[in-house]
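Quick notes on the structure that follows.
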Amino acid sequence: MTTLYLVVPCYNEEAVLPETTSRLTKKLDEMLAAGKIGPESRILYVDDGSRDRTWMLIEKFHRETPYVTGIKLAHNRGHQNALLAGLMTAKDLCDCAISLDADLQDDIDALDQFLDKFHDHCDVVYGVRNKRDTDTFFKRASAQGFYKFMKLLGVDVVYNHADYRLMSRRALDALSEYREVNLFLRGLVPLIGYRSDYVYYDRQERFAGESKYPLKKMISFAIDGITSFSVKPLRIISNLGILVSLLSIVGLLYALISHFTGNTVAGWTATVASIWLLGGLQMLCLGVVGGYVGKIYSEVKARPRYRVEEHLKK
Ligand code: UDP
Ligand code: MG
(Lines give C-alpha, C1' and ligand atoms only; values in the text may rest on other atoms or scores of the structure.)
(Ligands and ions follow the chains in the order given, each with its own letter.)
Protein backbone atom coordinates (compact mmCIF):
# COMPACT_ATOMS: atom_id res chain seq x y z
CA MET A 1 0.00 0.00 0.00
CA THR A 2 1.29 3.42 -0.95
CA THR A 3 1.86 5.75 1.95
CA LEU A 4 1.27 9.27 0.71
CA TYR A 5 2.30 12.43 2.51
CA LEU A 6 0.77 15.76 1.56
CA VAL A 7 3.29 18.42 2.51
CA VAL A 8 1.70 21.80 3.06
CA PRO A 9 3.73 24.88 4.04
CA CYS A 10 1.71 27.43 6.02
CA TYR A 11 2.59 31.00 6.83
CA ASN A 12 -0.14 32.90 8.68
CA GLU A 13 -2.83 30.69 7.20
CA GLU A 14 -5.41 30.62 10.02
CA ALA A 15 -8.05 31.81 7.57
CA VAL A 16 -7.73 28.81 5.27
CA LEU A 17 -6.60 25.92 7.48
CA PRO A 18 -10.01 24.65 8.68
CA GLU A 19 -11.39 24.48 5.16
CA THR A 20 -8.16 23.07 3.77
CA THR A 21 -8.09 20.37 6.42
CA SER A 22 -11.63 19.27 5.74
CA ARG A 23 -11.15 19.23 1.98
CA LEU A 24 -7.90 17.29 2.19
CA THR A 25 -9.33 14.85 4.72
CA LYS A 26 -12.27 14.18 2.43
CA LYS A 27 -9.96 13.65 -0.51
CA LEU A 28 -7.71 11.27 1.43
CA ASP A 29 -10.77 9.33 2.61
CA GLU A 30 -11.86 8.90 -0.99
CA MET A 31 -8.44 7.78 -2.13
CA LEU A 32 -8.16 5.38 0.78
CA ALA A 33 -11.54 3.89 -0.08
CA ALA A 34 -10.48 3.54 -3.71
CA GLY A 35 -7.39 1.65 -2.59
CA LYS A 36 -5.00 4.20 -4.08
CA ILE A 37 -3.26 4.99 -0.81
CA GLY A 38 -2.62 3.19 2.44
CA PRO A 39 -3.96 3.99 5.91
CA GLU A 40 -0.61 5.43 7.04
CA SER A 41 -1.02 8.39 4.66
CA ARG A 42 -0.89 11.81 6.26
CA ILE A 43 -1.23 15.54 5.81
CA LEU A 44 1.99 17.17 7.01
CA TYR A 45 1.60 20.85 7.80
CA VAL A 46 4.75 22.92 8.09
CA ASP A 47 4.25 26.03 10.16
CA ASP A 48 6.75 28.50 8.72
CA GLY A 49 7.12 30.67 11.83
CA SER A 50 3.59 32.07 11.61
CA ARG A 51 2.59 34.88 13.90
CA ASP A 52 -1.10 34.09 14.00
CA ARG A 53 -2.96 31.02 15.29
CA THR A 54 -1.73 28.69 12.57
CA TRP A 55 0.23 26.38 14.88
CA MET A 56 -2.57 26.23 17.44
CA LEU A 57 -4.91 25.17 14.66
CA ILE A 58 -2.49 22.53 13.43
CA GLU A 59 -2.22 21.11 16.95
CA LYS A 60 -5.97 21.12 17.27
CA PHE A 61 -6.49 19.27 13.99
CA HIS A 62 -3.76 16.86 14.96
CA ARG A 63 -5.71 15.98 18.10
CA GLU A 64 -9.13 15.90 16.52
CA THR A 65 -8.74 14.50 13.02
CA PRO A 66 -7.11 11.29 11.84
CA TYR A 67 -4.68 12.40 9.15
CA VAL A 68 -3.10 15.62 10.37
CA THR A 69 0.51 15.85 11.50
CA GLY A 70 2.76 18.88 11.55
CA ILE A 71 6.13 20.41 12.17
CA LYS A 72 6.83 23.91 13.33
CA LEU A 73 9.81 25.97 12.20
CA ALA A 74 11.39 28.34 14.68
CA HIS A 75 11.47 31.26 12.26
CA ASN A 76 9.85 32.34 9.06
CA ARG A 77 12.28 30.89 6.52
CA GLY A 78 10.19 31.35 3.39
CA HIS A 79 8.13 29.01 1.28
CA GLN A 80 11.02 27.05 -0.30
CA ASN A 81 12.76 26.30 2.98
CA ALA A 82 9.52 25.38 4.69
CA LEU A 83 8.72 23.04 1.84
CA LEU A 84 12.12 21.41 2.05
CA ALA A 85 11.76 20.96 5.81
CA GLY A 86 8.46 19.20 5.23
CA LEU A 87 9.76 17.00 2.43
CA MET A 88 12.81 15.96 4.43
CA THR A 89 10.57 15.06 7.34
CA ALA A 90 8.25 13.07 5.11
CA LYS A 91 11.15 11.35 3.34
CA ASP A 92 11.62 8.63 5.92
CA LEU A 93 7.94 8.04 6.53
CA CYS A 94 6.34 7.85 3.12
CA ASP A 95 6.52 6.16 -0.26
CA CYS A 96 5.79 9.42 -2.02
CA ALA A 97 5.10 13.01 -1.04
CA ILE A 98 3.09 15.69 -2.81
CA SER A 99 3.72 19.34 -2.03
CA LEU A 100 0.88 21.81 -2.28
CA ASP A 101 -0.05 25.26 -1.02
CA ALA A 102 -2.25 25.78 2.00
CA ASP A 103 -4.74 27.87 0.02
CA LEU A 104 -5.55 24.89 -2.26
CA GLN A 105 -5.20 27.00 -5.39
CA ASP A 106 -3.87 23.85 -6.94
CA ASP A 107 -6.75 21.58 -7.83
CA ILE A 108 -6.74 18.65 -5.40
CA ASP A 109 -8.82 16.51 -7.73
CA ALA A 110 -5.60 16.12 -9.70
CA LEU A 111 -4.12 14.11 -6.81
CA ASP A 112 -5.44 10.85 -8.30
CA GLN A 113 -3.54 11.48 -11.52
CA PHE A 114 -0.35 12.14 -9.59
CA LEU A 115 -0.71 8.77 -7.90
CA ASP A 116 -1.53 6.99 -11.14
CA LYS A 117 1.72 8.30 -12.61
CA PHE A 118 3.55 7.25 -9.47
CA HIS A 119 2.16 3.74 -9.78
CA ASP A 120 3.34 3.94 -13.37
CA HIS A 121 6.90 4.13 -11.97
CA CYS A 122 7.47 7.86 -12.22
CA ASP A 123 9.71 9.29 -9.52
CA VAL A 124 8.76 12.90 -10.09
CA VAL A 125 5.41 14.21 -11.31
CA TYR A 126 5.12 17.91 -12.09
CA GLY A 127 1.79 19.69 -11.81
CA VAL A 128 1.45 22.10 -14.72
CA ARG A 129 -1.17 24.81 -14.95
CA ASN A 130 -3.42 24.76 -17.97
CA LYS A 131 -4.16 28.43 -18.04
CA ARG A 132 -3.71 31.43 -15.87
CA ASP A 133 -7.14 33.07 -16.03
CA THR A 134 -7.37 33.57 -12.31
CA ASP A 135 -4.08 35.45 -11.98
CA THR A 136 -3.86 39.18 -12.38
CA PHE A 137 -2.46 40.34 -15.69
CA PHE A 138 0.71 41.48 -13.97
CA LYS A 139 1.34 38.18 -12.22
CA ARG A 140 0.70 36.26 -15.42
CA ALA A 141 3.00 38.41 -17.56
CA SER A 142 5.80 38.52 -15.01
CA ALA A 143 5.65 34.78 -14.37
CA GLN A 144 5.72 33.86 -18.05
CA GLY A 145 8.51 36.31 -18.77
CA PHE A 146 10.41 34.71 -15.93
CA TYR A 147 10.11 31.18 -17.32
CA LYS A 148 11.25 32.33 -20.75
CA PHE A 149 14.18 34.24 -19.32
CA MET A 150 15.27 31.21 -17.28
CA LYS A 151 15.23 29.06 -20.42
CA LEU A 152 17.33 31.68 -22.20
CA LEU A 153 19.91 31.51 -19.43
CA GLY A 154 20.07 27.77 -19.77
CA VAL A 155 18.18 26.82 -16.61
CA ASP A 156 16.02 23.74 -16.98
CA VAL A 157 12.65 24.64 -15.46
CA VAL A 158 9.25 23.18 -16.28
CA TYR A 159 7.05 25.80 -17.91
CA ASN A 160 4.08 26.88 -15.77
CA HIS A 161 4.95 24.48 -13.00
CA ALA A 162 4.94 25.90 -9.48
CA ASP A 163 5.59 23.68 -6.50
CA TYR A 164 2.65 21.29 -6.92
CA ARG A 165 4.64 18.13 -7.40
CA LEU A 166 4.92 14.50 -6.42
CA MET A 167 8.26 13.03 -5.45
CA SER A 168 8.97 9.41 -4.69
CA ARG A 169 10.98 8.40 -1.69
CA ARG A 170 14.13 7.89 -3.70
CA ALA A 171 13.71 11.25 -5.43
CA LEU A 172 13.47 12.80 -1.96
CA ASP A 173 16.61 10.93 -0.93
CA ALA A 174 18.33 12.40 -3.97
CA LEU A 175 17.07 15.87 -3.14
CA SER A 176 18.54 15.57 0.33
CA GLU A 177 22.00 15.36 -1.23
CA TYR A 178 21.75 18.90 -2.59
CA ARG A 179 23.07 21.00 0.20
CA GLU A 180 22.64 24.46 -1.19
CA VAL A 181 21.40 27.28 0.93
CA ASN A 182 19.80 29.47 -1.76
CA LEU A 183 17.01 27.09 -2.43
CA PHE A 184 15.10 27.08 -5.71
CA LEU A 185 13.35 23.72 -5.82
CA ARG A 186 11.89 24.21 -9.29
CA GLY A 187 15.40 24.28 -10.67
CA LEU A 188 16.79 21.53 -8.47
CA VAL A 189 14.21 18.82 -8.95
CA PRO A 190 14.79 18.47 -12.72
CA LEU A 191 18.49 17.94 -11.93
CA ILE A 192 17.64 14.73 -10.09
CA GLY A 193 16.97 13.14 -13.44
CA TYR A 194 14.77 10.18 -12.58
CA ARG A 195 11.78 9.35 -14.69
CA SER A 196 9.22 12.14 -14.60
CA ASP A 197 5.87 13.08 -16.06
CA TYR A 198 3.31 15.89 -16.02
CA VAL A 199 -0.20 16.35 -14.73
CA TYR A 200 -2.27 19.26 -16.03
CA TYR A 201 -4.73 21.15 -13.86
CA ASP A 202 -6.56 24.45 -13.56
CA ARG A 203 -5.49 26.86 -10.92
CA GLN A 204 -8.19 28.35 -8.75
CA GLU A 205 -8.36 31.52 -6.76
CA ARG A 206 -7.31 31.63 -3.13
CA PHE A 207 -10.56 31.00 -1.22
CA ALA A 208 -9.61 32.98 1.90
CA GLY A 209 -6.79 35.04 3.31
CA GLU A 210 -4.25 37.01 1.32
CA SER A 211 -1.28 36.10 -0.84
CA LYS A 212 1.87 35.68 1.23
CA TYR A 213 4.01 36.43 -1.80
CA PRO A 214 4.24 40.19 -2.20
CA LEU A 215 6.14 41.62 -5.16
CA LYS A 216 9.32 42.02 -3.14
CA LYS A 217 9.45 38.31 -2.26
CA MET A 218 8.61 37.40 -5.85
CA ILE A 219 11.50 39.44 -7.23
CA SER A 220 14.04 38.06 -4.78
CA PHE A 221 12.76 34.55 -5.55
CA ALA A 222 13.28 35.15 -9.27
CA ILE A 223 16.77 36.54 -8.76
CA ASP A 224 17.63 33.56 -6.57
CA GLY A 225 16.42 31.27 -9.29
CA ILE A 226 18.71 32.84 -11.84
CA THR A 227 21.82 33.35 -9.76
CA SER A 228 21.59 29.90 -8.19
CA PHE A 229 21.47 28.14 -11.52
CA SER A 230 23.30 30.16 -14.10
CA VAL A 231 26.75 31.72 -14.41
CA LYS A 232 25.78 33.19 -17.76
CA PRO A 233 25.55 36.74 -16.39
CA LEU A 234 29.28 36.44 -15.59
CA ARG A 235 30.03 35.30 -19.10
CA ILE A 236 28.04 38.18 -20.53
CA ILE A 237 30.45 40.59 -18.83
CA SER A 238 33.39 38.82 -20.47
CA ASN A 239 31.84 39.03 -23.89
CA LEU A 240 30.95 42.65 -23.39
CA GLY A 241 34.59 43.31 -22.50
CA ILE A 242 35.80 41.70 -25.70
CA LEU A 243 33.28 43.67 -27.71
CA VAL A 244 34.27 46.99 -26.15
CA SER A 245 37.97 46.21 -26.64
CA LEU A 246 37.35 45.56 -30.32
CA LEU A 247 35.31 48.72 -30.62
CA SER A 248 38.12 50.64 -28.99
CA ILE A 249 40.38 49.73 -31.90
CA VAL A 250 37.88 51.29 -34.27
CA GLY A 251 37.70 54.27 -31.92
CA LEU A 252 41.46 54.51 -31.91
CA LEU A 253 41.57 54.58 -35.72
CA TYR A 254 38.89 57.25 -35.77
CA ALA A 255 40.74 59.33 -33.19
CA LEU A 256 44.03 59.01 -35.11
CA ILE A 257 42.42 60.03 -38.38
CA SER A 258 40.79 63.01 -36.69
CA HIS A 259 44.14 63.86 -35.17
CA PHE A 260 46.00 63.86 -38.45
CA THR A 261 43.31 65.69 -40.38
CA GLY A 262 43.79 68.29 -37.72
CA ASN A 263 40.25 69.05 -36.50
CA THR A 264 40.75 68.06 -32.83
CA VAL A 265 41.58 69.82 -29.60
CA ALA A 266 45.02 68.97 -28.21
CA GLY A 267 44.90 65.96 -25.91
CA TRP A 268 41.55 64.66 -27.14
CA THR A 269 42.96 61.77 -29.12
CA ALA A 270 44.91 60.20 -26.27
CA THR A 271 42.01 60.66 -23.82
CA VAL A 272 39.34 59.12 -26.01
CA ALA A 273 41.52 56.23 -27.10
CA SER A 274 42.51 55.32 -23.57
CA ILE A 275 39.00 55.56 -22.17
CA TRP A 276 37.74 53.00 -24.65
CA LEU A 277 40.67 50.69 -24.51
CA LEU A 278 40.91 50.70 -20.73
CA GLY A 279 37.16 50.36 -20.34
CA GLY A 280 37.18 47.32 -22.56
CA LEU A 281 40.18 45.77 -20.87
CA GLN A 282 38.67 46.31 -17.43
CA MET A 283 35.47 44.61 -18.41
CA LEU A 284 37.38 41.74 -19.94
CA CYS A 285 39.41 41.33 -16.76
CA LEU A 286 36.27 41.44 -14.66
CA GLY A 287 34.86 38.75 -16.88
CA VAL A 288 37.93 36.58 -16.40
CA VAL A 289 37.73 37.02 -12.63
CA GLY A 290 34.02 36.29 -12.95
CA GLY A 291 34.88 33.04 -14.69
CA TYR A 292 36.87 31.91 -11.70
CA VAL A 293 34.23 33.14 -9.27
CA GLY A 294 31.74 31.06 -11.24
CA LYS A 295 33.90 27.98 -10.77
CA ILE A 296 34.27 28.63 -7.05
CA TYR A 297 30.54 29.09 -6.86
CA SER A 298 29.77 25.70 -8.31
CA GLU A 299 32.50 24.02 -6.25
CA VAL A 300 31.19 25.55 -3.05
CA LYS A 301 27.73 24.25 -3.83
CA ALA A 302 29.14 20.71 -3.90
CA ARG A 303 26.10 19.37 -5.70
CA PRO A 304 26.18 15.65 -6.34
CA ARG A 305 27.92 15.03 -9.67
CA TYR A 306 25.95 12.03 -10.80
CA ARG A 307 23.14 9.79 -9.79
CA VAL A 308 22.92 6.09 -10.45
CA GLU A 309 19.42 5.48 -11.71
CA GLU A 310 19.45 1.75 -11.87
CA HIS A 311 21.75 -0.89 -10.58
CA LEU A 312 21.65 -4.35 -12.12
CA LYS A 313 22.62 -7.01 -9.66
CA LYS A 314 22.76 -10.77 -9.91
N1 UDP B 1 4.35 30.44 2.52
C2 UDP B 1 5.28 30.03 3.47
N3 UDP B 1 6.22 30.94 3.93
C4 UDP B 1 6.28 32.22 3.44
C5 UDP B 1 5.35 32.61 2.42
C6 UDP B 1 4.40 31.69 1.99
O7 UDP B 1 5.27 28.89 3.93
O8 UDP B 1 7.13 32.99 3.87
C9 UDP B 1 3.35 29.45 2.04
C10 UDP B 1 1.90 29.90 2.15
O11 UDP B 1 1.39 29.64 3.43
C12 UDP B 1 1.22 29.08 1.07
C13 UDP B 1 2.31 28.94 0.02
O14 UDP B 1 3.54 29.27 0.67
O15 UDP B 1 0.87 27.78 1.53
C16 UDP B 1 2.08 29.83 -1.19
O17 UDP B 1 1.85 31.14 -0.78
P18 UDP B 1 0.71 32.05 -1.42
O19 UDP B 1 -0.51 31.24 -1.70
O20 UDP B 1 0.52 33.23 -0.53
O21 UDP B 1 1.42 32.50 -2.78
P22 UDP B 1 0.71 32.79 -4.21
O23 UDP B 1 -0.21 31.66 -4.48
O24 UDP B 1 0.01 34.08 -4.06
O25 UDP B 1 1.87 32.84 -5.16
MG1 MG C 1 -1.59 30.89 -3.29
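Every number for a ligand or one of its atoms is a count from 1 in the order of the listing. Heads up: numbering here begins at 1 and tracks the sequence.
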Tell me the protein N, O or S atoms under 2.8 Å from the Mg ion (ligand 2), in chain and number order. D103 OD2, Q105 OE1
Would you give the length of the straight line joining atom CG of L28 to atom OG1 of T21, rounded to the nearest 0.5 angstrom? 11.0 Å
Taking non-hydrogen atoms only, is D101 closer than 4.0 angstrom to ligand 1 via side chain, backbone, both or neither? both
Please identify which atoms of ligand 1 are closer than 4.0 Å to at least one heavy atom of K212. 5 (C), 6 (C), 18 (P), 20 (O)
Please tell me if the side chains of V16 and L104 come closer than 4.5 Å, counting only heavy atoms from C-beta onward. no
Kindly indicate whether a cation-pi arrangement holds for R23 with F207, taking the cut-offs as under 6.0 Å to the six-membered ring centre and within 45° of the axis. yes
Looking at ligand 1, does any of its N/O atoms fall within less than 3.5 Å of an N/O of K217? yes
To the nearest 0.1 Å, how far is atom 15 (O) of ligand 1 from its closest protein heavy atom, and which atom is that? P9 O, 2.7 Å
Using a heavy-atom cut-off of under 4.0 Å, does the side chain or the backbone of R77 touch ligand 1, or both, or neither? neither
Sub-4.5 Å side-chain heavy-atom contact between Y164 and I98: yes
Nearest non-hydrogen protein atom to atom 24 (O) of ligand 1, with distance, is S211 OG, 2.6 Å
Using a 4.0 Å cut-off to any heavy atom of R206, which atoms of ligand 1 qualify? 18 (P), 19 (O), 20 (O)
among protein heavy atoms, the one nearest atom 1 (N) of ligand 1 is Y11 CB, 3.7 Å
Location of contacts on C10 toward ligand 1, heavy atoms closer than 4.0 Å: backbone
Q80 versus D163, side-chain donor and acceptor atoms under 3.5 Å: yes
W276 atom CH2, over 12 foreign heavy atoms within 6.0 Å: no
Which ligand 1 atoms does E13 reach within 4.0 Å, using its non-hydrogen atoms? 10 (C), 11 (O), 12 (C), 15 (O)
Consider only side-chain heavy atoms of I, L, V, M, F, W and Y, link residues closer than 4.5 Å, and tell whether Y67 and L100 are in one cluster. yes
Would you mind telling me if ligand 1 is within reach of the side chain of V8, the backbone, both or neither, using heavy atoms under 4.0 Å? neither
Working to the nearest 0.5 Å, report the span between OG1 of T2 and CG of L32. 11.0 Å
List the closest protein heavy-atom neighbour of atom 25 (O) of ligand 1: residue, atom name, distance to the nearest 0.1 Å. K139 NZ, 3.0 Å
Taking N or O atoms only and a 3.5 Å limit, does A82 qualify as a polar contact for ligand 1? no
Measuring only between side-chain heavy atoms, which start at C-beta, is V155 closer than 4.5 Å to I226? no
Measure the distance from atom 14 (O) of ligand 1 to every protein heavy atom, then report the residue, atom name and distance (to 0.1 Å) of the closest one. H79 CD2, 3.1 Å
Please tell me if the side chains of E13 and D52 come closer than 4.5 Å, counting only heavy atoms from C-beta onward. no
Walk me through it: do K72 and E59 pass the test salt bridge (charged side-chain N to carboxylate O under 4.0 Å, His left out)? CA-CA 10 Å; K72 180 179 178 357; E59 284 180 318; over 6 Å; no
Can Y200 and R129 be counted as having a side-chain donor-acceptor contact under 3.5 angstrom? no
Y5 versus T89, side-chain donor and acceptor atoms under 3.5 Å: no
Using ring pair (Phe, Tyr, Trp, His ring centres under 6.0 Å), reason through F61 and Y45 one step at a time and then give a plain yes or no. CA-CA 10 Å; F61 294 131; Y45 287 124; 7.2 Å; no
Would you say NZ of K217 has more than 12 non-hydrogen atoms from neighbouring residues, nucleotides or ligands within 6.0 angstrom? yes
A student checking ligand 1 against N76 at a 4.0 Å heavy-atom cut-off should list atoms 3 (N), 4 (C), 8 (O)
In this structure, atom 19 (O) of ligand 1 is nearest to the protein heavy atom D103 OD2, 2.5 Å
Quick one: nearest non-hydrogen protein atom to atom 4 (C) of ligand 1, plus distance? D48 OD2, 3.5 Å
Please state which part of R203 comes within less than 4.0 Å of ligand 1, counting heavy atoms only: side chain, backbone, both or neither. side chain
Any idea which protein heavy atom is nearest atom 17 (O) of ligand 1, and the distance to it? Y213 CD1, 3.9 Å
